[in-house]
Amino acid sequence: MDRLLKSARSSGSLNLSNRSLSEVPVEVYRNLDGIGGDDDKWWEAVELQKLILAHNSIELLKEDIRNLSCLVVLNLSHNSLSQLPAAIGELPELKMLDVSHNLIVRIPEEIGSAASLVKFDCSNNQLTELPSELGRCLALSDLKGSNNLIASLPEDLAKCSKLSKLDMEGNKLTVISENLISSWTMLTELNAAKNMLNGIPVGIGGLSRLIRLDLHQNRISSIPSSIIGCHSLAEFYLGNNNISTIPVEIGELSRLGTFDLHSNQLKDYPVEACKLSLLVLNLSNNSLSGLPPEMGKMTSLRKLLLSGNPLRTLRSSLVTGPTPALLRFLRSRLSQDSETATTSKKDIIAMATRLSISSKELSMGGLELSAIPSQVWESEEVIRLDLSKNSIQELPVELSSCVSLQTLILSKNQIKDWPGSVLKSLSSLSCLKLDYNPLRQIPSNGFEAVPKLQILDLSGNEASLLDGPSFSSLPNLQELYLRKMRLTKVPSDILGLHQLRILDLSQNSLQSIPEGLKNITSLVELDLSNNNISSLPPELGLLEPSLQALRLDGNPLRSIRRTVLDKGTKAVLKYLKDKLPEE
């Protein structure tokens, strides 16, 4: 113990976890003053900044904790505390407070004075409420209050506008107010499973950054159509509720990978929801009597669970058999009649141009165009231009006049050369999609033409990166899609893109992942599916607070057990983090 206390004098960090302590050592309250004895080099001492007292039998934290005024991290989890001292509010530097797994019955209102608090974990206690003063912690981004007895959330939490993760699983909540939900626009993860919620607030549609939504085991009877606004949603858990219908708007959630609706009251699955690119769809234990044939087109499905439904139109061997076989059967029932286009190409272009006058958006996708029509640069101030699924081979110089253009979608065309000179003139461009073109090498300085880009999709252009164009020229990039590029390694300068939120490297030939990925701390979604990756660097686990969706299916991963992989992103990152050597 003495050795630990002495080393903490110079490091500012003290770990006394698993020491069978019944109380906090008095030396700690004194900020370790005088620990060194006669040979104390007081001039080398630093203030205590990190104090870990987890997994002990401590029953009381004294008001003297106020003496540790430089404390940044305080972990008192897994003890026997029944209360916290008011002095907790006198720690101005405190950013992380973990008091989970104790016997605490109330949080003191003074917590609101801990103005620097970013992460607060009070889960697994005996709390019946959270203090409204917590709303004064304006920097709070991660709040965990699961497995308590909390019946409602204080409205003052609406002031915590930086909240990105909220976990209130296993409480007694009956409602999350519209006021609260509409204030938390930065939320990426919301877990309110195992409560008594009667519904989902309509304001959920304002959570455009939400990636994981877990509301299983509640009393929810419907999904609001406003869910269409949650366009980042990747995982949606609604099992064990009272839902009877799915809104058609759900089909617009293009990033949804897991949709769990088991043990509800569904009578049908809407055709519109067959547009989803799901990996897992759990419809078990509902009242489905049939499935739409269009479900056969959901070829991304790895797991479709249907047991416990009165399916009369399908053989039981199909229902319990492999998913691909069921999808093939459903496809065979689809009508082969293709819709005939009645409107001429010329009429469609004219109609799209008229619509663009008010919307500033021009959509000319799938019209078999071989060149960009002049109406595009004649439509002044167009902001979004969709020319996908055509046969366009080059960008005309006239397009340079569209200086207001922010989004340019050229997916699935015949563009062979990087249109650098035209792109250079589009000074407002923030989104460029050039996926699935026969694009040749992008010059090494090619990206310098588009320095403001936030979204770039080059998927399917296998030769485009051969010349090593510098991603460091794209410092504002937030989303990068490089699917099906035959990449054998991750381009090294991607690791310097510090604003990157989504990185898609699926369907390549990657064999390993650089540990430098840990430095992209803004990363929220990482798709590594369908590569040749056999192991992952443990350092990837350091992305655990921010990374919400890690896709790994279709890799020969031998270093991580299947049971861990099946539990999803959080479990995999925790497994990797636990593999890191102790500091």
Side-chain angles (χ1 to χ4, degrees), residues 168-176 178 181 190-205 207 210 212-230 233-253 256-298 301-321 323 326-327 329-330 333 568:
M168 294 301 296
E169 179 176 341
N171 278 285
K172 296 190 172 185
L173 298 176
T174 54
V175 69
I176 298 175
E178 294 287 351
I181 212 80
L190 174 57
N191 183 356
K194 298 182 182 175
N195 277 282
M196 297 186 287
L197 295 174
N198 292 311
I200 302 174
V202 175
I204 197 85
L207 305 185
L210 195 64
R212 188 174 191 274
L213 179 56
D214 190 346
L215 298 171
H216 80 269
Q217 211 169 313
N218 276 285
R219 298 171 181 176
I220 296 165
S221 56
S222 64
I223 305 168
S225 56
S226 61
I227 195 75
I228 193 171
C230 300
L233 202 59
E235 298 176 29
F236 195 5
Y237 301 94
L238 274 170
N240 281 104
N241 277 289
N242 303 319
I243 294 164
S244 55
T245 57
I246 303 169
V248 295
E249 289 82 1
I250 208 90
E252 300 303 317
L253 301 181
L256 197 60
T258 299
F259 195 16
D260 187 347
L261 286 155
H262 80 273
S263 307
N264 276 284
Q265 296 167 17
L266 295 174
K267 291 185 173 63
D268 55 36
Y269 186 83
V271 171
E272 291 83 359
C274 296
K275 291 193 293 183
L276 294 170
S277 304
L278 297 176
L279 296 170
V280 177
L281 176 58
N282 190 346
L283 294 169
S284 57
N285 299 313
N286 276 282
S287 304
L288 298 170
S289 56
L291 296 174
E294 287 82 0
M295 194 177 270
K297 292 180 178 177
M298 298 177 75
L301 271 178
R302 300 281 183 274
K303 198 185 285 185
L304 173 58
L305 303 172
L306 293 164
S307 61
N309 280 289
L311 289 163
R312 288 182 281 276
T313 54
L314 295 171
R315 297 192 307 275
S316 60
S317 58
L318 273 173
V319 174
T320 56
T323 297
L326 174 57
L327 297 179
F329 174 77
L330 290 169
R333 292 168 54 188

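Computed over heavy atoms, backbone and side chain alike; hydrogens, waters and symmetry mates excluded.
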How far does [atom1] of [X] sit from [atom2] of [Y], to the nearest 0.5 angstrom?
{"X": "L238", "Y": "S263", "atom1": "CG", "atom2": "OG", "value": "12.0 Å"}
{"X": "L261", "Y": "I223", "atom1": "CG", "atom2": "CD1", "value": "5.5 Å"}
{"X": "N241", "Y": "L215", "atom1": "CG", "atom2": "CG", "value": "7.5 Å"}
{"X": "K297", "Y": "L330", "atom1": "NZ", "atom2": "CG", "value": "12.0 Å"}
{"X": "T320", "Y": "L305", "atom1": "OG1", "atom2": "CG", "value": "11.5 Å"}
{"X": "L306", "Y": "S284", "atom1": "CG", "atom2": "OG", "value": "8.0 Å"}

List the atom of [X], the atom of [Y], and the distance in Å for their closest heavy-atom pair.
{"X": "V319", "Y": "L311", "answer": "CG2-CD1, 3.8 Å"}
{"X": "P201", "Y": "I181", "answer": "CB-CG2, 3.9 Å"}
{"X": "P270", "Y": "I246", "answer": "CG-O, 3.7 Å"}
{"X": "I227", "Y": "L253", "answer": "O-CD2, 3.5 Å"}
{"X": "M298", "Y": "A273", "answer": "CE-O, 3.9 Å"}
{"X": "P292", "Y": "Y269", "answer": "CG-O, 3.4 Å"}

Donor-acceptor under 3.5 Å ([X] side chain, [Y] main chain):
{"X": "T323", "Y": "L304", "value": "yes"}
{"X": "N286", "Y": "N264", "value": "yes"}
{"X": "E178", "Y": "G203", "value": "yes"}
{"X": "N218", "Y": "A192", "value": "yes"}
{"X": "N195", "Y": "K172", "value": "yes"}
{"X": "S226", "Y": "V202", "value": "yes"}
{"X": "N285", "Y": "G239", "value": "no"}

**Q.** SB check E252 K275 (cutoff 4.0 Å)
**A.**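 Judged by the 4.0 Å cut-off on N to carboxylate O distance, E252 and K275 do form a salt bridge.
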(Q) Restricting to side-chain contact (heavy atoms from CB on, under 4.5 Å), what partner residues turn up for K194, sequence neighbours left out? (A) E169, H216, Q217
Q) Got a sec, which residues hit side-chain contact (heavy atoms from CB on, under 4.5 Å) with D260, two or more places apart in sequence or on another chain? A) Y237, H262, N282
[X] vs [Y] side-chain heavy atoms within contact, under 4.5 Å:
{"X": "I176", "Y": "M168", "result": "no"}
{"X": "L276", "Y": "L281", "result": "no"}
{"X": "L213", "Y": "L207", "result": "no"}

**Q.** Full working for side chain to side chain contact (heavy atoms under 4.5 Å, CB included) between L210 and I204
**A.** CA-CA 9 Å; L210 195 64; I204 197 85; 4.3 Å; yes
Q. Just wondering, more than 12 heavy atoms not from R302 lying within 6.0 Å of its CZ?
A. yes
Q: Kindly write out the residues that satisfy salt bridge (Lys or Arg N to Asp or Glu O under 4.0 Å) with R219, not counting sequence neighbours, or none if the list is empty.
A: none
